[in-house]
Protein chains: 2
Amino acid sequence: MSNGSGFSPVHNTIPDIVVGRLPLYLRALTYMAEEGKATTSSQELGERLGMSSAQIRKDLSTFGEFGKQGTGYHIGYLIGQLRQILKLDDEWRVAVVGAGFLGHALTNYNGFRHRGFRISWVFDSDPEKIGEEMNGLVVQPMGELEATIQREGSRMAILAVPASAAQEVTDRMVAAGIRAILSYAPINLTVPPYVQVRYSAPVVELQHMAFYVDKALV
Amino acid sequence: MSNGSGFSPVHNTIPDIVVGRLPLYLRALTYMAEEGKATTSSQELGERLGMSSAQIRKDLSTFGEFGKQGTGYHIGYLIGQLRQILKLDDEWRVAVVGAGFLGHALTNYNGFRHRGFRISWVFDSDPEKIGEEMNGLVVQPMGELEATIQREGSRMAILAVPASAAQEVTDRMVAAGIRAILSYAPINLTVPPYVQVRYSAPVVELQHMAFYVDKALV
DNA sequence: TAGATTGTTAATCGATTAACAATC
DNA sequence: TAGATTGTTAATCGATTAACAATC
């Protein structure tokens with residue numbers, strides 16, 4: 001499936017699947033820090049995440065030597081390193097496109113902050129929605145999309161429009177400078193190779209699980 | 001990462017990664033059918049999905065011989081087969097747990113129907129929300145969770161509660177008979193091996209993409 | 001020191017791709 | 001028939017795991 005879009009992690013020798021696990025490590029480590037723990041081991045982290053300690057050590061060793069034999073990893077230090085590797089030190093300003101129920105939920109979700117992202121703009125084409133306030137932001141008309149992205153230098157967007165509008169809106173965002181899209185539209189988007197797309201598709205996830213579920217309780 | 005939860009597809013020789021692609025095939029084929037197409041080839045399908053024709057043929061051949069040399073696949077027939085394989089012929093009644101912005105968005109999303117699922121119950125613990133109507137459903141008190149799941153024989157649930165409540169609610173759902181959970185809580189859930197969990201985590205997806213995005217436009 | 005745990009190598013396991021005979 | 005495309009095999013590629021020397 002390459003990785004969902006035309007995007008291929010070119011210039012790098014680092015497996016994309018490894019990059020994709022770093023956010024999970026970061027999240028687990030952040031919880032540990034909140035619990036007041038100072039150090040952890042690949043084994044403990046592996047138990048939390050349901051994966052092998054070998055995999056965690058191998059993944060981390062792709063980026064450097066962050067641990068100490070006999071001791072394990074200093075949590076605060078490792079968090080800092082992972083944030084740096086993932087380029088989360090400066091906040092990414094993200095556009096939410098589509099202000100329906102889902103766009104509304106995303107805009108009101110406060111879990112982006114402190115994890116590297118801030119929803120900074122919301123767009124919709126519906127005159128009823130334009131001007132509405134959501135979590136401190138005012139819904140902008142879709143016509144402002146390109147100008148705003150260009151002026152503000154926004155690089156990341158979350159797509160929450162109906163499938164029928166998704167490709168057209170994507171083309172406009174990409175032309176304006178968006179380079180990473182998290183799409184909630186149930187459709188495979190076509191983008192240039194330098195643009196990343198990742199998908200969230202509840203129906204796909206449920207269908208995947210349905211395969212294994214016995215309809216009657218065993 | 002095994003596959004995210006303790007769940008491991010036991011009794012089966014079919015790779016989970018293959019099962020996970022079937023919903024994508026099904027979705028693309030459904031669009032093709034709506035466009036009025038009658039047949040397709042592994043090549044055409046592969047182009048739509050950004051994957052190789054060989055992979056599609058190999059995946060499908062895991063479950064049977066659905067195509068014809070020289071002609072390709074009859075779309076309607078293949079859709080029927082995939083729906084059957086994925087056990088989507090009867091509608092799955094799904095519980096949404098948590099009636100915040102996200103639970104609201106999920107309950108109002110009409111994309112579940114016609115794809116094998118129906119949101120049938122919504123639960124929340126907030127007295128302010130209990131009794132509220134959402135897309136024809138009335139928000140039930142969390143106290144009714146176990147009784148409803150048991151009485152109705154519900155097997156699938158969508159978890160849209162805060163991280164702090166997620167594990168406790170999960171334990172209750174599992175005890176009551178839930179066997180597949182789509183979780184929006186940013187936490188790794190612990191479940192028995194016979195329960196599946198899949199996660200939707202926008203922050204994780206954005207962090208994954210951030211690794212590859214140049215902050216300045218190249 | 002002794003025990004614990006890293007980083008790394010080599011072995012294993014699994015997934016993807018290329019190629020082609022079969023056949024519609 | 002000739003062209004197209006499947007299903008499948010074998011080769012390739014990539015990811016995970018086991019094991020252990022190094023060392024804190």
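What you see is a predicted model, and the numbers here were worked out from it, not measured in a lab. Labels below follow one simple rule: chain letters A, B, ... track the order of the sequence lines, proteins then strands, and each chain is numbered from 1.
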D:dT16 OP1/OP2 closer than 4.0 Å to side-chain N/O of A:Arg21: yes
side-chain N/O B:Ser52 vs C:dT16 OP1/OP2, d < 4.0 Å: no
Nucleotide nearest B:Tyr73 (side chain, heavy atoms from C-beta), chosen from C:dA15, C:dT5, D:dT6: D:dT6
Residues A:Glu205, B:Arg115: salt bridge by 4.0 Å N-O rule: no
Distance test, side-chain N/O of A:Ser42 to OP1/OP2 of C:dT5, below 4.0 Å: no
Touch class at under 4.0 angstrom, heavy-atom based, for B:Ser53 against every strand present: nothing
Donor-acceptor pair, side chain of B:Arg172 and main chain of B:Met142, under 3.5 angstrom: yes
Length of the line joining A:Glu65:CD and D:dC24:C1', which is rounded to integer Å: 13 Å
Length of the CD1-C1' vector between B:Ile56 and D:dT8, whole Å: 16 Å
Whole-Å distance separating the CD atom of A:Gln69 from the P atom of D:dA21: 14 Å
Position toward the 5' end of DNA chain D (nearest nucleotide), A:Asp59 or B:Gly67: B:Gly67
Ion pair check, B:Glu44 and B:Lys37, cut-off under 4.0 Å: yes
Sub-4.5 Å side-chain heavy-atom contact between A:Ile119 and A:Arg93: no
Presence of salt bridge, A:Glu35 and A:Arg48, under 4.0 angstrom: yes
Modelled atom types, side-chain donor and acceptor of A:Arg57 and A:Ser61, under 3.5 Å: no
Phosphate contact (C:dC24 OP1 or OP2) by B:Thr71 side-chain N/O below 4.0 Å: no
Rounded distance (Å) that lies between atom C1' of D:dT16 and atom NZ of A:Lys58: 9 Å
Of the listed nucleotides C:dA18, D:dG7, C:dA15, the one nearest the side chain of B:Ile17: C:dA15
Nucleotide of D:dT8, D:dC24, D:dT17 approaching A:Lys68 most closely (side-chain heavy atoms): D:dC24
Stem segments of DNA chain D by first residue number [Watson-Crick or G-U, under 3.5 Å, at least 3]: C:3-24 with D:3-24
Whole-Å distance separating the CD atom of B:Gln43 from the P atom of D:dT6: 9 Å
Nearest-angstrom distance from the residue atom OH of B:Tyr77 to P of D:dT6: 15 Å
Given D:dA19, D:dT8, D:dT16, the nucleotide with the shortest approach to the side chain of A:Gln55: D:dT16
For atom CZ of A:Phe63 and atom C1' of C:dT8, their distance in whole Å: 16 Å
B:Asp59 and B:Gln55: CA distance, side-chain angles, deciding distance, side chain to side chain donor-acceptor pair (under 3.5 Å) verdict: CA-CA 6 Å; B:Asp59 283 356; B:Gln55 181 161 76; 5.2 Å; no
Nearest-angstrom distance from the residue atom CZ of A:Arg57 to P of D:dA21: 15 Å
Flag for B:Asn135-B:Tyr109: side-chain donor and acceptor within less than 3.5 Å: no
